[in-house]
Peer 1: 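Would you mind keeping the following structure in view while I ask a few things?
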Amino acid sequence: MDYTILKPSADGAVMVLTISRPSALNALNTRFFEEMDHFISSLSDNPDIRALVITGEGKAFVAGADIAEMVNKLPGEARLFSATGQRIFNRLGDLPFPVIAAINGFALGGGMELAMACDFRIASANARFGQPEVNLGLIPGYAGTQRLPRLTNLADALYLLTTGEIIDAETALRMRLVQKVTQPEELLAEARKLASIIASKGPMAVKLVKEVTRKGLEMNYPDGEKLEQNHFGDPFGNEGKEGMTAFLEKRKPNW
Ligand code: CO8
């Protein structure tokens with residue numbers, strides 16, 4: 001597939017994906033989701049990639065779903081648009097390595113939902129966040145109502161969802177919506193650094209820790225412990241054997 005909106009760029013084990021439709025502040029349209037679906041499939045088939053960074057071109061990360069494309073939709077069509085977006089964003093959570101959102105500017109509506117679908121977020125000091133759907137007489141459709149209270153808390157989530165207030169990066173950091181704030185010119189370097197650190201760890205361990213942590217959050221506590229217990233054994237005899245042997249032999253592991 002020839003991409004017109006996505007710009008993927010691999011650097012060793014780290015893939016950087018730039019969303020590039022700056023004339024519409026990278027607003028998410030049907031073509032974006034088609035390309036994203038294809039791109040995620042290509043990553044699932046690529047064993048060399050160990051981390052993905054998603055960022056936006058220009059002054060926005062993503063300024064939301066494409067309002068021009070949504071304006072004439074009927075309820076059934078809008079539900080389908082929501083279901084497609086939710087399915088594709090969920091696929092980021094299923095990737096066998098971490099996905100880092102590097103938020104370079106506006107992350108509004110569907111853009112904030114994309115950022116929240118990533119495993120964690122770092123933001124440039126000039127990033128802006130918000131769920132302004134209520135200004136348009138809408139509610140979020142890419143799981144913003146579900147992920148925001150899980151990442152922050154019910155009151156902060158409802159505050160943002162009902163007021164539509166746009167917050168700055170430091171406020172997002174205080175709400176634990178982002179994990180780190182950098183100077184704008186350092187954002188991508190910092191994201192790549194974190195991605196490289198992760199890429200240097202045991203790939204099976206990283207895959208398992210992401211899967212168990214994400215799945216466990218959706219389970220009751222005893223089932224989550226059981227899930228961890230079950231997967232704890234997986235790396236023994238292979239990757240874990242190499243990691244522990246390397247420690248005892250005072251050398252770097254050969255994954
Ligand atoms: N959709 C379509 N086009 C957009 C969007 C968008 N979300 N955001 C910006 N653009 C376009 C503008 O229309 C403008 O186009 P043009 O140059 O042709 O007039 C261009 O991008 C530049 O934007 P501005 O001139 O407005 O730039 P400013 O710097 O003045 O303002 C803002 C930047 C504050 C970000 C402003 O553009 C804005 O408020 N954008 C809309 C933000 C918004 O409301 N986002 C939420 C959208 S709704 C949503 O995301 C729901 C998600 C769930 C959907 C589920 C499926 C049903």
Side-chain angles (χ1 to χ4, degrees), residues 3-7 17-37 40 54-93 99 101-118 121 123-152 156-172 175 177-178 181 184 187:
Y3 296 145
T4 57
I5 296 174
L6 300 186
K7 288 188 186 163
L17 181 71
T18 305
I19 301 169
S20 179
R21 195 164 72 102
S23 59
L25 303 189
N26 304 327
L28 307 177
N29 59 8
T30 299
R31 177 72 196 179
F32 164 83
F33 283 109
E34 287 167 359
E35 292 187 16
M36 196 66 175
D37 210 15
I40 295 171
I54 301 181
T55 194
E57 185 165 324
K59 68 177 179 183
F61 174 69
V62 166
D66 190 327
I67 298 168
E69 191 178 317
M70 288 192 299
V71 63
N72 288 320
K73 285 195 190 298
L74 295 172
E77 295 169 315
R79 280 184 202 109
L80 196 63
F81 201 46
S82 163
T84 303
Q86 287 180 356
R87 177 182 67 76
I88 294 169
F89 284 1
N90 282 338
R91 295 192 70 199
L92 294 172
V99 181
I103 300 150
N104 52 300
F106 292 112
L108 304 179
M112 181 150 143
E113 292 172 294
L114 170 60
M116 291 193 291
C118 296
R121 288 146 290 283
S124 126
N126 61 7
R128 296 289 179 272
F129 300 80
Q131 296 285 167
E133 285 87 347
V134 286
N135 294 336
L136 303 169
L138 299 176
I139 70 167
Y142 303 141
T145 59
Q146 303 307 302
R147 289 200 174 95
L148 188 52
R150 284 170 170 79
L151 288 173
T152 59
D156 280 340
L158 283 174
Y159 177 85
L160 292 176
L161 289 162
T162 56
T163 63
E165 187 173 307
I166 307 296
I167 56 169
D168 62 16
E170 285 301 329
T171 308
M175 286 184 180
L177 190 53
V178 302
V181 176
L187 178 71

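For ligands, and for the atoms within them, numbers begin at 1 and follow the listed sequence.
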Peer 1: Distance to 0.1 Å, residue and atom name: give those for the protein heavy atom nearest to atom 15 (O) of ligand 1.
Peer 2: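 Looking at atom 15 (O) of ligand 1, the protein heavy atom closest to it is S23 O, 4.0 Å.
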Peer 1: Below 3.5 angstrom, do we get any N/O pair linking Y142 and ligand 1?
Peer 2: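 No.
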Peer 1: Other residues, nucleotides and ligands only: do more than 12 of their heavy atoms fall within 6.0 Å of CD1 on I139?
Peer 2: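 12 or below, so no.
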Peer 1: Among protein heavy atoms, which sits nearest to atom 48 (S) of ligand 1, and what does the distance come to when rounded to 0.1 Å?
Peer 2: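 The protein heavy atom lying closest is L136 CD1, 3.6 Å.
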Peer 1: Just to be sure I read this right, does ligand 1 sit under 4.0 Å from the backbone of R79, its side chain, both, or neither, counting only heavy atoms?
Peer 2: neither
Peer 1: Closest non-hydrogen protein atom to atom 49 (C) of ligand 1, residue and atom name please, with distance?
Peer 2: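 Answer, as residue, atom name and distance: A65 N, 3.6 Å.
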Peer 1: Atom 54 (C) of ligand 1: protein heavy atom closer than 4.0 Å?
Peer 2: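 When distances to the protein are checked, atom 54 (C) of ligand 1 has a heavy atom within 4.0 Å.
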Peer 1: Kindly confirm or rule out an N or O of G110 lying under 3.5 angstrom from an N or O of ligand 1.
Peer 2: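 Yes, since at least one N or O of G110 sits under 3.5 Å from an N or O of ligand 1.
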Peer 1: Output yes when a protein non-hydrogen atom is found under 4.0 Å of atom 13 (O) of ligand 1, and no otherwise.
Peer 2: no
Peer 1: Just by distance, do the side chain of D168 and the backbone of R128 share a donor-acceptor pair under 3.5 Å?
Peer 2: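 Side chain of D168 to backbone of R128, a donor-acceptor pair under 3.5 Å: no, none is there.
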Peer 1: Which residue and atom name correspond to the protein heavy atom nearest atom 24 (P) of ligand 1, and how close is it?
Peer 2: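 Here the closest protein heavy atom is L25 CD1, 4.5 Å.
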Peer 1: Is atom 51 (C) of ligand 1 touching the protein, meaning some protein heavy atom lies under 4.0 Å away?
Peer 2: yes
Peer 1: So do the side chains of I88 and Y142 get within less than 4.5 Å of each other, counting heavy atoms only?
Peer 2: no
Peer 1: Considering heavy atoms of the protein only, find what lies nearest to atom 1 (N) of ligand 1 and give residue, atom and distance to 0.1 Å.
Peer 2: I67 N, 2.9 Å
Peer 1: Looking at atom 31 (O) of ligand 1, is any protein heavy atom nearer than 4.0 Å to it?
Peer 2: no
Peer 1: Look up atom 39 (O) of ligand 1 and tell me if a protein heavy atom lies less than 4.0 Å from it?
Peer 2: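 Neighbour list for atom 39 (O) of ligand 1 is empty of protein heavy atoms (cut-off 4.0 Å).
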Peer 1: Using non-hydrogen atoms of the residue, decide whether E113 is closer than 4.0 angstrom to ligand 1.
Peer 2: yes
Peer 1: Any protein heavy-atom neighbour for atom 19 (O) of ligand 1 (distance below 4.0 angstrom)?
Peer 2: no
Peer 1: L108 heavy atoms, cut-off 4.0 Å: which ligand 1 atoms fall inside?
Peer 2: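 Contacts of ligand 1 toward L108, numbered from 1: 35 (C), 42 (C).
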Peer 1: Do any N or O atoms from the side chain of Q131 and from the backbone of L161 form a donor-acceptor pair under 3.5 angstrom?
Peer 2: no
Peer 1: Hey, does the side chain of E77 reach the backbone of L74 with a donor-acceptor pair shorter than 3.5 angstrom?
Peer 2: yes
Peer 1: Does the N or O separation between A63 and ligand 1 drop below 3.5 Å for any pair?
Peer 2: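 Yes: some nitrogen or oxygen of A63 is under 3.5 Å from one in ligand 1.
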Peer 1: To check you understand the geometry: which heavy-atom pair defines the closest contact between G110 and L28, and what is its length?
Peer 2: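 Result for this residue pair: O-CD1, 3.7 Å.
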Peer 1: Name the residue from I5, L6, T55, N104 that meets the side chain to side chain contact (heavy atoms under 4.5 Å, CB included) definition with T18.
Peer 2: T55
Peer 1: When you measure from atom 10 (N) of ligand 1 to the protein, is at least one non-hydrogen atom found at a distance under 4.0 Å?
Peer 2: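 Given the 4.0 Å cut-off, atom 10 (N) of ligand 1 counts as touching protein heavy atoms.
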Peer 1: What is the closest protein heavy atom to atom 4 (C) of ligand 1, and at what distance does it sit?
Peer 2: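 Result for atom 4 (C) of ligand 1: A24 O, 3.8 Å.
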Peer 1: More than 12 foreign heavy atoms under 6.0 Å from NZ of K7: is that the case here?
Peer 2: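 12 or below, so no.
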Peer 1: Using modelled atom types and a 3.5 Å cut-off, is there a donor and acceptor pairing between side-chain atoms of Q86 and backbone atoms of G141?
Peer 2: yes
Peer 1: Please state which protein non-hydrogen atom is closest to atom 29 (O) of ligand 1 and give its distance, to 0.1 Å?
Peer 2: K59 NZ, 2.5 Å
Peer 1: Near Y3 OH, under 6.0 Å, is it more than 12 heavy atoms from other residues, nucleotides or ligands?
Peer 2: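 Enclosed: over 12 neighbouring heavy atoms sit under 6.0 Å from OH of Y3.
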Peer 1: Ignoring angles and geometry beyond distance, decide whether I139 reaches within less than 3.5 Å of ligand 1 through its nitrogen or oxygen atoms.
Peer 2: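 No; every N/O pair is 3.5 Å or more apart.
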Peer 1: Would you mind reporting whether L114 and I19 have side-chain heavy atoms less than 4.5 Å apart?
Peer 2: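 Yes, their side chains come closer than 4.5 Å.
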Peer 1: Hey, does the side chain of N29 reach the backbone of D66 with a donor-acceptor pair shorter than 3.5 angstrom?
Peer 2: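 The answer is no, because no donor-acceptor pair under 3.5 Å joins these two groups.
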Peer 1: Is P132 in contact with ligand 1, taking contact as a heavy-atom separation below 4.0 Å?
Peer 2: yes
Peer 1: Locate the shortest heavy-atom distance separating A102 from F61; write the atom from each residue and the value.
Peer 2: O-CD1, 3.7 Å
Peer 1: Is a side-chain donor or acceptor of R121 paired with a backbone partner of L177 at a separation under 3.5 angstrom?
Peer 2: yes
Peer 1: Would you say F81 has any N or O atom under 3.5 Å from an N or O of ligand 1, going by distance alone?
Peer 2: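 F81 vs ligand 1: no N/O contact under 3.5 Å.
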Peer 1: Where does the angle between the aromatic ring planes of F33 and F81 fall among parallel (under 30°), tilted (30 to 60°) and perpendicular (over 60°)?
Peer 2: perpendicular
Peer 1: Tell me which protein heavy atom sits closest to atom 57 (C) of ligand 1, plus the residue, atom name and distance to 0.1 Å.
Peer 2: A78 O, 3.5 Å
Peer 1: Can you find a non-hydrogen atom of R128 under 4.0 Å from ligand 1?
Peer 2: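 Flag not set, R128 not near ligand 1.
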Peer 1: Can you sort out which atoms of ligand 1 are near G141, meaning under 4.0 Å from one of its heavy atoms?
Peer 2: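 Near G141, the atoms of ligand 1 are 53 (C), 55 (C).
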Peer 1: Under 4.0 Å from atom 36 (C) of ligand 1, is there at least one protein heavy atom?
Peer 2: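 Within 4.0 Å: no protein heavy atom nearby.
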